[in-house]
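Notes follow once the structure below has been shown.
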Amino acid sequence: MGDTQTSSKDKEVKAKESKDKGFGKEEFRAGGDVSKSKKVQRNSTLGNTEGAEKEGKGISRKKKEKLTKRENPDADLEDFVRAAQIQVKVEPEEEDFCINKKDKVKKRLREQEEPGGSLLESAKKKKKVKMEVEEAEQEPEKQRKKKKESKVKKAKKEQEGRPVSAREGGKHKKSKEEVEAAKALKIKKKEEEELQRWRWWEEEKYEDGIKWKFLEHRGPWFPAEYQRLPDNVKFYYDGKLVTLSSAAEEVAVFFAQMLDHEYTTKEVFRNNFFSDWRKEMTLEEKMIITDLNKCDFSEIYKMHKEKVEARKNQGKEEKQKTKDANQKLLEEYGYCTLDHHRERIGNFKIEPPGLFRGRGDHPKQGMLKKRIQPEDVIINCSKDSKIPQPPLGHQWKEVRCDNTVTWLASWTENVQGLCKYVMLNANSKLKGEKDWEKYEIARKLKSCVETIRTQYQADLKSKQMGIRQRAVALYFIDKLALRAGNEKEEGETADTVGCCSLRVEHISLHPELDGEKYVVEFDFLGKDCIRYYNKVPVEKAVFKNLKLFMEDKQPGDDLFDRLNTAMLNKHLHSLMAGLTAKVFRTYNASITLQQQLKELTNALDNIPEKILSYNRANRAVAILCNHQRAPPKTFEQSMANLQAKIDNRKEQLSLAKKELKQAKKDAKDHADDKLLANVFMLHAKETVDKCPWKMNCISLQMLNRTANCQLTSCSCMALLYSNRPTAVRECRKMEVSLEKIYNKTQRDKFAWAIDMTESDFVF
DNA sequence: AAAGAGACTTGGAACAATTTTA
DNA sequence: TAAAATTGTTCCAAGTCTCTTT
């Protein structure tokens with residue numbers, strides 16, 4: 001059967017594209033609230049065929065209430081000091097006030113090996129000198145040039161570090177030299193970046209489990225303490241003025257800021273918020289404020305609105321100022337040193353307090369996400385590194401040196417009691433290596449997927465119920481790229497499912513539907529409460545099995561009552577080292593991308609067409625993986641605009657055609673004025689020639705967008721799943737410049753793939 | 001085994017920057 | 001030249017899967 005696998009998938013993809021349009025998440029959720037007589041029955045032993053239902057879940061969960069709330073009278077002062085530090089410290093790596101000898105040794109070592117890093121500043125200066133000599137050639141695409149020009153300004157500003165006001169007088173067009181120089185500078189910068197890139201993929205890997213040998217960083221950045229509302233902004237309860245305490249006020253502001261959001265209309269959200277808010281109130285406040293509906297946040301809301309507006313209308317200078325401040329922050333906190341290389345940190349900012357925004361019908365939405373203090377944070381770094389200083393007057397919860405993990409700092413969040421981590425950026429070695437590994441495993445799966453398929457085909461007829469269930473689940477995971485579906489604590493999160501946690505209510509069986517036999521209709525909420533709706537014809541054996549699994553069960557019972565992800569993955573492990581359910585998603589996405597590309601692209605196509613093909617292929621992947629996005633509010637309008645453009649072109653075309661005719665005639669008639677007539681003719685001809693091409697481009701764009709509307713567009717998401725090496729390879733082969741498909745960040749992230757991929761790479 | 005803790009990937013929404021359009 | 005549209009980035013919730021404890 002393995003052969004039917006892929007071709008039928010293609011059909012599905014196409015069919016789906018045309019079918020289920022217009023399923024907003026909203027309308028769907030309304031119906032999704034079915035009775036939940038949740039998972040109780042689960043036979044623990046796989047080997048056992050029938051009988052012995054065990055009472056499954058103890059729903060006792062340790063509640064960890066941590067009281068971290070503390071009044072901090074020194075907050076303002078501290079803030080000020082911190083700000084001052086930022087202002088004064090130009091060199092982020094100032095070592096004078098650190099007397100750590102070991103550290104110095106390290107430092108020297110680093111400087112030898114890595115000329116960039118902390119020496120960046122001086123490097124920049126050198127650049128400036130050099131750039132005059134540099135030529136601006138070797139820029140292949142005009143389209144890129146355009147982009148550059150706009151960036152030139154920025155680059156210059158950054159380089160010269162002069163105050164913005166200096167620009168005021170220079171509104172005139174830039175002189176040629178200036179432009180050239182800036183261009184050269186950009187090229188230089190790019191080269192340098194490339195030179196500085198850590199080509200870790202050419203190095204040897206560390207022994208098992210070790211993630212790094214040296215790690216030094218500045219510690220995470222903490223958001224500023226809460227600032228009281230100005231005196232003229234008041235809060236009223238039941239029409240009467242109430243002056244809130246600082247803690248209560250802060251939480252009230254969180255709510256007020258969200259008043260525009262649908263969240264604040266939801267019952268659960270309001271209740272959770274109100275009860276958490278009351279916990280922050282003083283006794284008196286608690287006595288007075290007993291009903292959320294009587295609270296009047298309008299003045300706070302108004303102030304917030306004004307603030308947002310003001311920020312939008314900020315002058316150039318102010319905007320630049322905030323930008324610079326952010327840049328400084330990034331320079332100071334955004335990087336770490338990992339094994340002699342400077343690596344960007346992904347999220348160096350501690351999450352600010354606020355109201356929890358769970359997705360879908362999350363039972364905890366609206367709860368207060370408390371402010372994280374240094375006392376909550378565990379720092380992870382090398383013993384021999386410069387240990388990060390906690391903010392003034394604070395302590396870290398712990399400093400540990402664990403080089404078997406990749407995080408730099410962690411804390412436990414109070415709403416769900418989960419760990420949060422500060423980790424490196426996607427373009428870092430640690431992330432890249434993992435990514436690479438992922439694709440290697442997926443490739444390995446390619447070599448044995450047929451065996452696995454044969455195996456689960458056979459298992460469909462097993463005598464043991466558990467094995468049959470496993471086989472059907474695997475069939476779904478392989479064919480439909482469903483997620484594994486771990487069990488979740490009931491009532492702690494929104495009710496979403498994956499393959500193993502599917503319930504009877506989520507599928508319906510149609511022996512025949514729309515001319516196809518054995519159709520299974522899926523309808524459930526997956527990750528992030530995104531609806532999965534699909535009608536799939538399946539094999540007879542699968543169909544029969546499903547019927548069997550559903551016998552004597554309530555809608556809320558588990559479809560695969562003898563199966564869970566642990567068992568499934570254990571089985572997969574036995575089939576191939578490193579294989580888990582997730583790998584099938586990667587694998588199928590990759591293989592689909594490759595197939596689609598092969599099918600869709602034609603080496604003779606022009607660039608826009610090639611890109612369209614690429615996007616189409618990506619879309620196929622997105623459909624497979626059920627990646628969706630709320631349609632942009634502006635979609636209709638933007639489509640209409642494009643249509644108008646096409647109409648416009650059409651008109652132009654017919655007009656130009658007429659002109660051409662006329663011109664030809666003129667040329668004949670007035671032999672004397674031939675030159676002029678010729679010019680007319682040429683011009684008209686040009687328009688006629690160009691128009692179809694341009695029209696084509698626009699309609700391609702339109703097509704692209706229509707399809708993208710319901711799906712994740714622009715390579716972004718699909719990219720995450722689809723095989724990067726595959727895509728990179730395809731670009732090479734087809735001579736589409738990578739820049740057109742991947743943006744800078746993405747190229748950065750996949751530097752390893754770009755570098756390693758030869759144009760004959762096959763996934 | 002079952003539950004729990006921990007670590008790390010995934011992926012949509014919100015926000016910010018940039019480009020296009022009117 | 002401002003507004004609208006598009007594209008890129010950040011944020012952080014929600015998964016997967018492994019390892020440890022009970």
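Just so you know, these numbers use all the heavy atoms, side chains as well, and skip hydrogens, waters and symmetry mates. In what follows, chains are A, B, ... by sequence order, proteins preceding strands, each numbered from 1.
- Contact annotation: A:Lys582 side-chain N/O to B:dT9 OP1/OP2 distance is not under 4.0 Å.
- Put simply, A:Thr496 has a side-chain N or O that comes within less than 4.0 Å of OP1 or OP2 on C:dG15.
- OP1 or OP2 of B:dT10 sits under 4.0 Å from a side-chain N or O of A:Lys438.
- Heavy atoms of A:Ala581 sit under 4.0 angstrom from primed sugar atoms or phosphate atoms, though from no base atom.
- Within the structure, every side-chain polar atom (N or O) of A:Arg359 is placed at least 4.0 Å from both OP1 and OP2 of B:dT10.
- Toward the 5' end of DNA chain B, the nearer of the two residues A:Cys419 and A:Lys527, judged by each one's closest nucleotide, is A:Cys419.
- Set against C:dC17, C:dA13, C:dG15, the side chain of A:Lys488 has C:dG15 as its closest nucleotide.
- Phosphate contact (OP1/OP2 of C:dT9, side-chain N/O of A:Arg344, threshold under 4.0 Å): absent.
- The existence of a salt bridge linking A:Lys305 and A:Asp260 is confirmed by a sub-4.0 Å separation between a basic side-chain nitrogen and an acidic carboxylate oxygen.
- Of the side-chain N and O atoms in A:Thr406, one or more sit less than 4.0 angstrom from OP1 or OP2 of B:dC8.
- Phosphate contact (OP1/OP2 of B:dA14, side-chain N/O of A:His261, threshold under 4.0 Å): present.
- In terms of phosphate contacts, A:Arg311 brings a side-chain nitrogen or oxygen within less than 4.0 Å of OP1 or OP2 of B:dA16.
- Using a 4.0 Å cut-off, some side-chain N or O of A:Lys431 falls inside it from OP1 or OP2 of B:dT9.
- The residue A:Gly485 sits close only to the backbone: its heavy atoms come under 4.0 Å of sugar-phosphate atoms, none of a base.
- Using a 4.0 Å cut-off, some side-chain N or O of A:Thr580 falls inside it from OP1 or OP2 of C:dC17.
- For A:Lys349 against C:dT10, a side-chain-to-base donor-acceptor contact under 3.5 Å is absent.
- Stacking of A:Lys429 on the aromatic ring of A:Tyr206 is recorded, both the 6.0 Å distance cut-off and the 45° axial limit being met.
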Original post:
Run the side-chain hydrogen bond (donor to acceptor under 3.5 Å, both in side chains) check on A:Thr496 and A:Lys488 step by step: do they pass?
Top reply: CA-CA 9 Å; A:Thr496 63; A:Lys488 315 201 290 180; 2.6 Å; yes

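- Distances shown here put every side-chain N or O of A:Asn347 at or beyond 4.0 Å from the OP1 or OP2 atom of C:dC11.
- Side-chain nitrogen and oxygen atoms of A:Lys369 include at least one within less than 4.0 Å of the OP1 or OP2 phosphate oxygen of C:dA13.
- Contact check, A:Arg483 against B:dG11: a side-chain N or O comes under 4.0 Å of OP1 or OP2.
- Rounded to a whole Å, the CG atom of A:Asp528 is 13 Å from the C1' atom of C:dT16.
- Between A:Lys420 and B:dG6 there is no side-chain N or O to OP1 or OP2 distance below 4.0 Å.
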